[in-house]
Each structure stands twice: as C-alpha cells, then as structure tokens.
Enquirer: 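The structure follows.
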Amino acid sequence: MKTYLVGGAVRDKCLNLPVIDKDWVVVGSTPEQMLAKGFVQVGKDFPVFLHPKTKEEYALARQERKAGVGYTGFICDFAPTVTLEEDLLRRDLTINAMAESQDGDMIDPYQGQKDLERKQLRHVSPAFSEDPLRVLRVARFAARFANLGFTVAPETMALMQTMVQSNELKSISAERIWRETEKALTSNTPRVYFEVLRACGALKQLFPEIDALFGIPQTEKWHPEIDTGIHTLMVLDQIAKTSTNTSVRFAALVHDLGKGITPENILPSHRGHEKQGLPLVNRLSERLGVPKDAQQLALLVCEFHLHSHKAFELKPTTVFKLFKSLDVFRKPERLKHFLLVTTADATGRKGFEEAEYPQAAYLQQCFDAIKTITIKDLGDHELKGPAIGEAIDRLKVKKIAEIKKQLAI
C-alpha cells in the first residue's frame, strides 16, 4: 500500500500557489483495508475515504471505462492492481495528472511540468472526450490561471469543439453547470471562462442568452466597443476588480441580456432593453438553479441600471422610488452591490475604463442621509396609521431634494 499526493495540490505547489485542499491516491489497497485503518468511506460511485485525523480525502487508484452517456456514464475499476500511472491517465489535464510520493519524489508520466512551463492546458489522453463536464472544467481553469498566462492548447480546444458537436453537453446537469460557472465567476479573470466556452461552441448550447449578445451593435457614441458581447466581457473585467461576491458578478454578467433580442429595425438603439431582459434573466437563472439572492440582484440590476446612470437627472421622488424598488431600507447592503455593478457597467466600455462614476457616490449619499429617518423626525404631530409612513416618506424625499440642491445638480 502506497500513498501519493495528487492533482491540484501538486500543481499549485509547482506554481508556488497556496495549497488549500490535499487529495491523495492510495495504490495497492482495498476498501476493507482502508476501513480497518480507521478511514471513513464517503464515496458512492467509487471508494473515497476520509483520513481519521486530517479528514483529507484518500481515493483508491482507479481506472474508468465509458459505459453510458454523459459525465456519469462510467464503470470504475479500483482493484489493488491498478497502478498510479493508470490512475493519472484518466485525469483531465496534464497539469492535474502529477503526483508526489511520501518521500517528495515527483511522478509526472504525462509531462505536466512541461505544460506548466509552457503555460498550456492540455488534455492527458483521448479519454478526455468521454466526459463532457471537462469542457466546463477546462474553461474554468483557463479563467483561474489566465493571469499567469495560461491558455488552452490548440489540440485540446479542437477536441472540445468536437465534444460540443456531439451534443453530449446536454447530459450535464444544471447543478454541475452552475457549480463550474460559480467557481469561474469568482476566479481572477471570469471573462476567460465565457471566451473559452464561446470558442469551442459550448456557450451557444449552455448559455444561449449570453451567446446572443455577440455581434449585436450598440450606439458608438456611448459604446465605442460597439459589440454588446464585448461590452459584457469588459463589464466582467471591471467587476472582477471591485468585488468577489458571486451574486454581484452574476448580475454584471446578465445585466444587458435584453439587448440580445432587440428588434433589428431599431438597432443600434436598445430602447426598453431593461424590461426585455427580465424574462431572460429569469429563464437563465431558473434553468441553472442560480441561488435566489443572485437571481434577485440580477433582476434588479437588469431593470434599474439606467436609473443609476441617469441619477443626476432623476427627480428626488424617483430616486426615492428607486430605493424602495431595490428594497434597500430592509437590505442596505444591496445598494452597495447594485452600485458596484452599475459602476462596472459604466466603466466597462472602451476608453472609459478609468473614468469617474459620480452617480454612485451621489446615490449612496442620498441613501445614507435618509436611511435613519424615523417617526421621531416628524416632531409633534397628530398623524395616524398610513399617514405617518407617508409623512416619513415625504421627509426622505425632501432630504434628497436638499442634497440635490447642495450639489447643484
């Protein structure tokens, strides 16, 4: 029985990155022997065990044989005779198919270290194509390591394109699609995830609402980059600088979905795209099982982002209505998240990347000034019932008007 550190821990160690999770492969053992040593079995499809002290995962070395459709259609062989090299051969990328012995020796039968040096994401073997989920995983790794200069190897991209054409991606569950997408959204360069998916054709299959944005023109005066898809990627770049919150990044991704269905006869104008986008945001969110908090923020950003851009033109009553629509009096953190996305939207344009966005500070100032106004601020009064709330609302609108006047807006 021999134990090896494998996968991401070895890769990240080679890249001098923090090693967060350690996965181990055990060669020459059986489930019965693992249980006898105090390990706790947790794997359902194949034996994975938790170490009795460290709680790290230990998996028996295994081989896989394709026996069905999709990423679950495999038969596993985890006999004690399965070698480490055979186990590593079934992995997705060469940089994830390295192992380290307990003595610190590197086992690298598929040249993962060379691909680390070349900064290439390359599949280990043709068996890569048997698991459609790997298309998403490669795109996610591309997003995670793009800041280090990594790109997808041409032969791997070609294989991914073939996999997409086979339509096996349809077998991936919504839960797994969202899980990979969520990880990609919180990566260093989330835009790369969607670029890679688009390059291999998977974006059109899995995210048709986003794919539809590419090639759709916008008015050059406001969007020098013109293409709506490019703008969306630029917004992702901007939000990645200011927030790691998944809900915020998802809202940035889908804020302009309505532009993908603008009638051709009014292009490059996109009148009403905010409301047109709402059913698309709902459809995408429901299909993928996006968490409700993320879906709700995305819908609000989609519907009201132009209110933020036009903040200085809005009447005090409209600013107050915006706050109520966003429900920020109950959820004050939501205004911050909303403004992070609208700021990214304004700066996610060619030539505007470093531009100021004073609308955000103005709206935040207005909210900070009125969020603590209560019945006590009415002074002596004889109001009752709904009249009290209406009077408080009028006081809040008056305060917004005073701020607007002070700023000479």
Side-chain angles (χ1 to χ4, degrees), residues 218-219 221-223 231 235 239 247-248 251-252 254-259 262 266 269-282 293 295-349 352 355-375 377-378 383 385-409:
Q218 303 170 103
T219 304
K221 177 182 178 182
W222 307 114
H223 286 278
H231 166 61
V235 174
I239 203 66
S247 296
V248 172
V254 301
H255 79 284
D256 264 350
L257 289 190
K259 291 182 177 179
T262 298
I266 69 168
S269 172
H270 291 277
R271 293 189 301 275
H273 75 276
E274 316 96 281
K275 290 285 179 70
Q276 290 175 345
L278 297 177
L280 300 180
V281 174
N282 267 327
D293 285 350
Q295 182 178 359
Q296 288 169 2
L297 179 63
L299 288 168
L300 291 169
V301 170
C302 181
E303 184 172 3
F304 295 110
H305 61 278
L306 290 191
H307 280 62
S308 180
H309 300 333
K310 298 177 179 178
F312 297 136
E313 305 167 30
L314 301 180
K315 297 177 181 178
T317 51
T318 307
V319 172
F320 180 63
K321 287 178 182 177
L322 172 64
F323 292 153
K324 293 192 76 172
S325 295
L326 297 176
D327 198 17
V328 293
F329 295 108
R330 289 196 316 119
K331 302 176 180 179
E333 191 73 6
R334 181 174 280 170
L335 180 62
K336 173 187 173 184
H337 292 163
F338 174 80
L339 294 176
L340 283 171
V341 182
T342 58
T343 301
D345 184 28
T347 55
R349 299 178 293 160
F352 289 84
E356 296 291 325
Y357 188 67
Q359 294 94 323
Y362 168 61
L363 289 172
Q364 188 67 57
Q365 182 182 352
C366 289
F367 176 66
D368 289 342
I370 68 173
K371 65 183 180 182
T372 57
I373 292 177
T374 64
I375 190 172
D377 298 290
L378 294 178
L383 300 172
I388 296 174
E390 292 169 2
I392 292 173
D393 287 353
R394 285 195 297 272
L395 202 56
K396 291 178 178 179
V397 171
K398 181 180 178 182
K399 188 64 178 177
I400 294 172
E402 290 173 1
I403 293 172
K404 187 176 178 73
K405 186 175 181 181
Q406 288 170 4
L407 297 176
I409 296 172

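Count residues from 1 along the sequence. None of the values given here were measured: they were computed from a predicted structure. Just so it is clear, the values below take in all heavy atoms, side chains as well, and ignore hydrogens, waters and symmetry mates.
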Enquirer: Are any of the side-chain heavy atoms of Ile392 and Lys396 separated by less than 4.5 Å?
Expert: yes

Enquirer: Check whether any side-chain heavy atom of Leu322 lies under 4.5 Å from a side-chain heavy atom of Val319, and answer yes or no.
Expert: no

Enquirer: As an exercise, state the distance from CD1 of Ile370 to CG of Leu395, rounded to the nearest 0.5 Å.
Expert: 10.0 Å

Enquirer: To the nearest 0.5 Å, what is the distance between CD on Gln295 and CG on Leu300?
Expert: 10.5 Å

Enquirer: In a table with atom names and distances, give each donor-acceptor pair under 3.5 Å that connects a side chain of residues 323-341 to protein atoms at least two apart or in another chain.
Expert:
residue : atom : partner : partner atom : Å
Ser325  : OG   : Lys321  : O            : 3.0
Asp327  : OD1  : Arg330  : NE           : 3.3
Asp327  : OD2  : Arg330  : NE           : 3.1
Asp327  : OD2  : Arg330  : NH2          : 2.7
Arg334  : NH1  : Leu326  : O            : 3.0

Enquirer: What distance do Thr342 atom OG1 and Leu306 atom CG have between them, rounded to the nearest 0.5 Å?
Expert: 10.5 Å

Enquirer: Looking at Ala298 and Ala251, what are the two nearest heavy atoms and their distance?
Expert: CA-CB, 3.8 Å

Enquirer: Could you tell me the separation between the CZ atom of Phe320 and the NZ atom of Lys398, rounded to the nearest 0.5 Å?
Expert: 15.0 Å

Enquirer: Under the rule for side-chain hydrogen bond (donor to acceptor under 3.5 Å, both in side chains), what residues qualify as partners of His273, not counting sequence neighbours?
Expert: Asp256, His305

Enquirer: State whether the side chain of His231 and the backbone N or O of Gly348 hold a donor-acceptor pair below 3.5 Å, judged by distance alone.
Expert: yes

Enquirer: Please name the pair of heavy atoms, one in Ser247 and one in Asp293, separated by the smallest distance, quoted to 0.1 Å.
Expert: OG-C, 4.1 Å

Enquirer: Checking the side chain of Lys259 only, and the main-chain atoms of Gly277 only, is there a donor and an acceptor separated by less than 3.5 Å?
Expert: no

Enquirer: Taking Gln359 for the side chain and Ser308 for the main chain, is one N or O donor matched with an acceptor at less than 3.5 Å?
Expert: no

Enquirer: If you count the non-hydrogen atoms of other residues, nucleotides and ligands that lie under 6.0 Å from CD in Glu402, is the total more than 12?
Expert: yes

Enquirer: Which one of Tyr357, Trp222, Phe352 satisfies the ring-ring contact (aromatic ring centres under 6.0 Å, His included) criterion with His309?
Expert: Tyr357

Enquirer: For the side chain of Asp368 and the backbone of Gln365, is there at least one donor-acceptor N/O pair under 3.5 Å apart?
Expert: no

Enquirer: Atom CD1 of Ile388 and atom CG of Asp393: how far apart are they, to the nearest 0.5 Å?
Expert: 12.0 Å

Enquirer: Hey, what do you get for OG1 (Thr262) to CZ (Arg271), rounding to the nearest 0.5 Å?
Expert: 9.5 Å

Enquirer: Taking all heavy atoms of Ile403 and all of Ala369, pick out the closest pair and write down the distance.
Expert: CD1-CB, 3.5 Å

Enquirer: Please find the pair of heavy atoms, one from Asp345 and one from Val235, that lie closest to each other, and give the distance.
Expert: CA-CG2, 3.8 Å

